[in-house]
Amino acid sequence: MDFASLPHRFGERDAIGALRAAEEGLANEQAGTRQWRVAGRVLARRGQGGVSFIDLEDMSGRVQLLADLERLGEDVFEQVRSVSIGDLIGVAGVARRTRRGELSVEVAEWIELAPCRLPFPDRHHGLQDVEVRHRQRYLDLMTDPAARERFVARSRMVAGIRRSLDDAGFLEVETPVLQPLYGGAAARPFVTHHNALDRDLYLRVATELYLKRLVVGGLERVYELGKDFRNEGVSFKHNPEFTMLEFYEAYADCEDVMARTEQLVAAAAISVLGTTKITVKGTAVDLAPPWPRVTLGEAIRQQTGIDPLALGRDSAPLLARMQADGMDTSHDKTWAQLVDHMLSHYVEPTLIAPTFLTDYPVELSPLARRKPGADGLVERFEAFCGGMEISNGFSELNDPDDQRARFEEQAAAGRAGDEEAHPVDEDYLTALEYGLPPTGGVGLGIDRLAMLLTGQDTIREVVLFPAMRT
RNA sequence: GGGCCGUUAGCUCAGCUGGUAGAGCAGGGGACUCUUAAUCCCAAGGUCGAAGGUUCGAUCCCUUCACGGCCCA
């Protein structure tokens, strides 16, 4: 087919869904009066001598086309008859319900818009090969309505989150993806190089430190919704680039942002599903606030009988228990890493219904404010649902001296081999010297929330183009 | 990073104990004037993921590699 001869547009197009809604009342063999112009992809063709039936689909729905030799003449009818599955075409004509009761468009005008030159995937079994579905997501979207619905739902969820935050007076901002220094999360960064400046830059692992600079600057409620990049393994809940929401609220603390988090998630669920009730791994759960709050130490105690935060900083009983359970503790070099490992091994998988864990050890939380009267703890929470961490927030540490000390500890850990430790960020410390108001901040994993709201067990099904080996 | 499993026509899948591969759909040709996974006829379509090895002979057994999936870290 000669592409140069194909139309560049198909104007005054009607959505198939609108046609269906408007003409639903037609009786069998009755024709409507209005001329419709619909366009889309050909999904099926059924010939019957001088009559041909085509199934045409656009983003709003599917409708049958009815083409008649006597009405169209031989030339046009031959075009219809020879259309390939997958071709993109436009038609004009009135609606008519066929003898067998199928609402159809009676083709009066037939316009080829773009050919499908490769064989279309089997339309009865769909595309089964997971690898092809992910590498060529357009084929998945073409052939699987459920895949389309999943990504529409994700988009609605994100729009709902933006609406909630905008309505609460938050300002959406954009901070650097390319950073001279990374920070804001315990993660290994991707490194790239700026040729003109001849220096290495990091892809951000979090937006936290830049957003808090903005709060210092007087932008009292800010959020950023965008990609973070962490140079770590791929799993059902990890993609090396993933979407994160972070929001910061001046004059608020951990409790305030915890409440906002559960409300935000519930509102997102309603904007997608119309309800806060979801099913996760076969279990019915309700995302409606308030979510139960349990301290980290108590949560670990409930699963193991040991409250590691009630034992000072003694690693021995933790190690004994974990090794007795056959766990590989060779990567856990510190007490804090043992606690983190216990959390992810014993507790996280059990938290199916939404739950806040609170009272984290300061060693695991270098950017969080200390909890008054609780030595070694910070005002921090993590939210879990579906056996995954979905959110992390705290009262923001605004004491520049303490922050410097925490950075120094991180740097020491880094020198000792902890590849996920924070580097010291002098520029951020300078910002804190000017005064960060008491502030609460939260990170919320958008992909994982999308998994929960669309009932998917793997992040790859809610990311349009998940990371693949090339 | 480790363990297990998978990879056969464009797609979905068969293929027995080792004897050089089949079907349906799609694509091509034809029949058919109301089909709904239309039906019927004809022809075509393969580096059996890749490379080695064993064997008279390998899609099948062995080794390595690539990619994917699941589990563990």
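A note on names: the letters A, B, ... follow the listed sequences, proteins ahead of strands, and every chain is numbered from 1.
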Nearest-Å distance once atom [atom1] is located in both [N] and [M]:
{"N": "B:C16", "M": "B:U55", "atom1": "P", "result": "24 Å"}
{"N": "B:G52", "M": "B:G69", "atom1": "P", "result": "28 Å"}
{"N": "B:U64", "M": "B:G27", "atom1": "P", "result": "43 Å"}
{"N": "B:G10", "M": "B:C48", "atom1": "P", "result": "12 Å"}
{"N": "B:A23", "M": "B:A44", "atom1": "C1'", "result": "15 Å"}
{"N": "B:U59", "M": "B:U8", "atom1": "C1'", "result": "7 Å"}
{"N": "B:C13", "M": "B:G1", "atom1": "P", "result": "30 Å"}
{"N": "B:G45", "M": "B:G29", "atom1": "C1'", "result": "14 Å"}

Taking the cut-offs as 6.0 angstrom to the six-membered ring centre and 45 degrees off its axis, would you call A:Arg204 and A:Tyr210 a cation-pi pair? no
According to side-chain hydrogen bond (donor to acceptor under 3.5 Å, both in side chains), who are the partners of A:Glu246, at least two apart in sequence or on a separate chain? A:Thr207, A:Tyr248
Could you tell me the separation between the [atom1] atom of [X] and the [atom2] atom of [N], rounded to a whole number of Å?
{"X": "A:Arg460", "N": "B:C67", "atom1": "CZ", "atom2": "C1'", "answer": "13 Å"}
{"X": "A:Arg469", "N": "B:G1", "atom1": "CZ", "atom2": "C1'", "answer": "11 Å"}
{"X": "A:Arg45", "N": "B:C34", "atom1": "CZ", "atom2": "P", "answer": "17 Å"}
{"X": "A:His125", "N": "B:G10", "atom1": "NE2", "atom2": "C1'", "answer": "15 Å"}
{"X": "A:His331", "N": "B:C72", "atom1": "NE2", "atom2": "P", "answer": "15 Å"}
{"X": "A:Asp340", "N": "B:A73", "atom1": "CG", "atom2": "P", "answer": "13 Å"}
{"X": "A:Asp129", "N": "B:C5", "atom1": "CG", "atom2": "P", "answer": "20 Å"}
{"X": "A:Glu102", "N": "B:U36", "atom1": "CD", "atom2": "C1'", "answer": "6 Å"}

Below 4.0 Å: OP1/OP2 of [N] and any side-chain N or O of [X]:
{"X": "A:Gln48", "N": "B:C34", "result": "yes"}
{"X": "A:Arg46", "N": "B:A37", "result": "no"}
{"X": "A:Arg135", "N": "B:G68", "result": "yes"}

Name the nucleic acid region contacted by [X], choosing base, sugar-phosphate or nothing; use a 4.0 angstrom heavy-atom cut-off, strictly under.
{"X": "A:Ser84", "result": "sugar-phosphate"}
{"X": "A:Glu70", "result": "base"}
{"X": "A:Leu127", "result": "sugar-phosphate"}
{"X": "A:Gly126", "result": "sugar-phosphate"}

Check every atom of B:C25, B:C13, B:U36 against the side chain of A:Thr98 and return the nucleotide holding the closest atom.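 That would be B:U36.
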When you measure from the side chain of A:Met468, which nucleotide among B:G68, B:G27, B:U33 comes out closest? B:G68
Can you name the residues that form a ring pair (Phe, Tyr, Trp, His ring centres under 6.0 Å) with A:Trp291, not counting sequence neighbours?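 A:Trp291 satisfies ring pair (Phe, Tyr, Trp, His ring centres under 6.0 Å) with A:Phe356 only.
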With A:Asn231, which residues qualify under side-chain contact (heavy atoms from CB on, under 4.5 Å), at least two apart?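 A:Asn231 satisfies side-chain contact (heavy atoms from CB on, under 4.5 Å) with A:Arg188, A:Phe190 only.
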Residue list, side-chain contact (heavy atoms from CB on, under 4.5 Å) with A:Glu232, at least two apart or on another chain: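 Expected list: A:Ala187, A:Arg230, A:His238, A:Glu420.
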For the side chain of A:Asp122 and the base of B:G24, is some donor closer than 3.5 Å to an acceptor across the two?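 Answer is yes: a donor-acceptor pair is held.
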Indicate yes or no: does A:Asp418 engage A:Lys333 in a salt bridge with an N to O separation below 4.0 Å.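 Salt bridge absent between A:Asp418 and A:Lys333.
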Please list, one pair per line, the donor and acceptor atoms closer than 3.5 Å that link side chains of residues 382-391 of chain A to other protein atoms, with sequence neighbours excluded.
{"from": "A:Glu382", "atom 1": "OE1", "to": "A:Tyr360", "atom 2": "OH", "distance (Å)": "2.7"}
{"from": "A:Glu382", "atom 1": "OE2", "to": "A:Arg380", "atom 2": "NH2", "distance (Å)": "3.2"}
{"from": "A:Ser391", "atom 1": "OG", "to": "A:Gly443", "atom 2": "O", "distance (Å)": "3.0"}

Which is it for B:U20, anti or syn, if anything within 90° of zero counts as syn? syn
Which dot-bracket notation, 5' to 3', represents the base pairing of RNA chain B when pairs are defined as Watson-Crick or G-U with both distances under 3.5 Å, crossing pairs as [ ], and inter-strand pairs as |? (((((((..((((.....[..))))..((((.......))))......(((((..]....)))))))))))).
Take A:Gly49 and A:His124, find for each the nucleotide of RNA chain B with the closest heavy atom, and name the residue whose nucleotide sits nearer the 5' end.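 Nearest-nucleotide comparison on RNA chain B picks A:Gly49.
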Residue whose closest nucleotide on RNA chain B lies nearer the 5' end, A:Leu66 versus A:Leu118: A:Leu118
Would you say A:Glu241 and A:Phe465 make side-chain contact, with heavy atoms under 4.5 Å? no
Please examine the side chains of A:Leu296 and A:Leu309, heavy atoms only from C-beta on, and report whether any two atoms are closer than 4.5 Å. yes
